[in-house]
Amino acid sequence: MLSARQKHCLKGIGIRRWVERSATPEISETEQQVETDDPLVNLHPPSAPPVETCSEPVAEPELKPPVIDLPLDSWEAIQHSIHQCQSCELGRNCIQKVPGIGNQQADLLIIGEGPGQDEDIKGEPFVGRSGQLLDKMLAAIGIARSQAFITNIVKCRPPNNRDPHVDEVQTCNQFLQAQIKHINPEIILSVGRISAHSLLHCNDPVGHLIKEMHQLPGTEIPVKVTYHPAYLLRTPSAKAIAWQDMKTLHQILNK
Ligand code: URA
């Protein structure tokens, strides 16, 4: 049963009805229609979610990214080095770097795609409309923004919000891996297509990836994929699935 607080949070997110995961059609982030009459009480998230590998793994690119010759051996060094980095076009053209925000010892690490305009101006991830929805989704499972660590695949805004290029993702990955190693989270919430594909080295549609738990390659860290809040703002019917993702997340963080 939902608590009054959860009901309040769900209303804030814009969810009025619930849908069972099994009712989810084959979907991608760009083409999805999900809304049923199933009540929220029908939800049965798995107690020990299975770990899934991608069905469409992507080969590691042969080109190695330039090694960032900046120190990454402490939290302060990582943050400072991100601010110093000029290794790709993104770093040379953004207003400011957006390394991430929150608790460097967080159990929950949230990884989005890359800063947008609002984030570029403020120097903080997820501060625009998407960020406000993300905050509400976290609040619905009792997590304040400051309790998690929130960052992105790339730390600088891609011009005109284009997708980051493979070489930019690869270059910035050195920072992300250093952050992950330092934080050593209980779980990663991978937000959206670019994040999921970059972290899991695959090209499966997000609508497929959200159905199972994954593991960060080379580690034992579980990865939960969910829809990007920008997509949820465009496709409110998908919020019910995102809410189920949040419940799974809550369950894993509280086991
Ligand atoms: N979208 C993202 O993926 N990250 C942000 O920081 C903001 C919007």
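Below, each value reflects all heavy atoms present in this structure, side chains not excepted, and no hydrogens, waters or symmetry copies. Given the structure is predicted, the values throughout are model-derived calculations rather than measurements.
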Output field: ring centroids H182/F149 closer than 6.0 Å =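 Ring-ring flag for H182/F149: false, centres at least 6.0 Å apart.
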Write down the atom of [X], the atom of [Y], and the distance for their closest heavy-atom approach.
X    : Y    : value
E119 : G128 : OE2-N, 3.2 Å
S87  : C85  : OG-SG, 3.2 Å
I153 : S198 : CD1-CB, 3.7 Å
L134 : P229 : CB-CG, 4.1 Å
P115 : R157 : O-CG, 3.3 Å
L90  : P159 : CD2-CD, 3.6 Å

[atom1] of [X] to [atom2] of [Y]: how many Å apart, nearest 0.5 Å?
X    : Y    : atom1 : atom2 : value
I101 : Q79  : CD1   : CD    : 9.5 Å
Q132 : L233 : CD    : CG    : 9.0 Å
S130 : L232 : OG    : CG    : 8.5 Å
C156 : H83  : SG    : NE2   : 9.5 Å
I210 : S190 : CD1   : OG    : 11.5 Å
Q117 : C94  : CD    : SG    : 13.0 Å

Do the side chain of [X] and the main chain of [Y] share a donor and acceptor less than 3.5 angstrom apart?
X    : Y    : result
T235 : A238 : no
D120 : Q96  : yes
T171 : D167 : yes
Q147 : A144 : yes
T219 : L216 : yes

Determine whether the side chains of Q179 and K155 contain a donor N or O and an acceptor N or O closer than 3.5 Å.
->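 Side-chain D/A pair, Q179 to K155: present.
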Flag the pair [X] / [Y] as yes when at least one side-chain heavy-atom distance between them is below 4.5 Å, and no otherwise.
X    : Y    : value
L72  : K181 : no
H250 : N254 : yes
P164 : E113 : yes
F175 : P99  : no
N184 : I221 : yes
R145 : I150 : yes
I183 : W75  : yes
I187 : K224 : yes

When you check the gap from the basic side-chain N to the acidic O, do D163 and R193 get nearer than 4.0 Å?
-> yes
So does E168 pair up with R162, basic N to acidic O under 4.0 Å?
-> yes
When L199 is tested against each of L176, N173, V225 for side chain to side chain contact (heavy atoms under 4.5 Å, CB included), which residue passes?
->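 Of all the options given, the one that passes is L176.
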Residue from I110, N152, I111 passing side chain to side chain contact (heavy atoms under 4.5 Å, CB included) with P125 =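 Going through I110, N152, I111 one by one, the side chain to side chain contact (heavy atoms under 4.5 Å, CB included) with P125 is satisfied by N152 alone.
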Would [X] end up clustered with [Y] when hydrophobic side chains under 4.5 Å apart are linked, directly or stepwise?
X    : Y    : answer
M246 : L253 : yes
L133 : V127 : no
L70  : I82  : yes

Can you name the residues that form a side-chain contact (heavy atoms from CB on, under 4.5 Å) with Q86, not counting sequence neighbours?
-> R92, K97
Check step by step if side chain to side chain contact (heavy atoms under 4.5 Å, CB included) holds for Y227 and V191.
-> CA-CA 6 Å; Y227 289 120; V191 173; over 6 Å; no
Taking atom CD of Q84 as the centre, does the number of heavy atoms from other residues, nucleotides or ligands within less than 6.0 Å exceed 12?
->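 Counting neighbours around CD of Q84, more than 12 heavy atoms of other residues, nucleotides or ligands fall under 6.0 Å, so yes.
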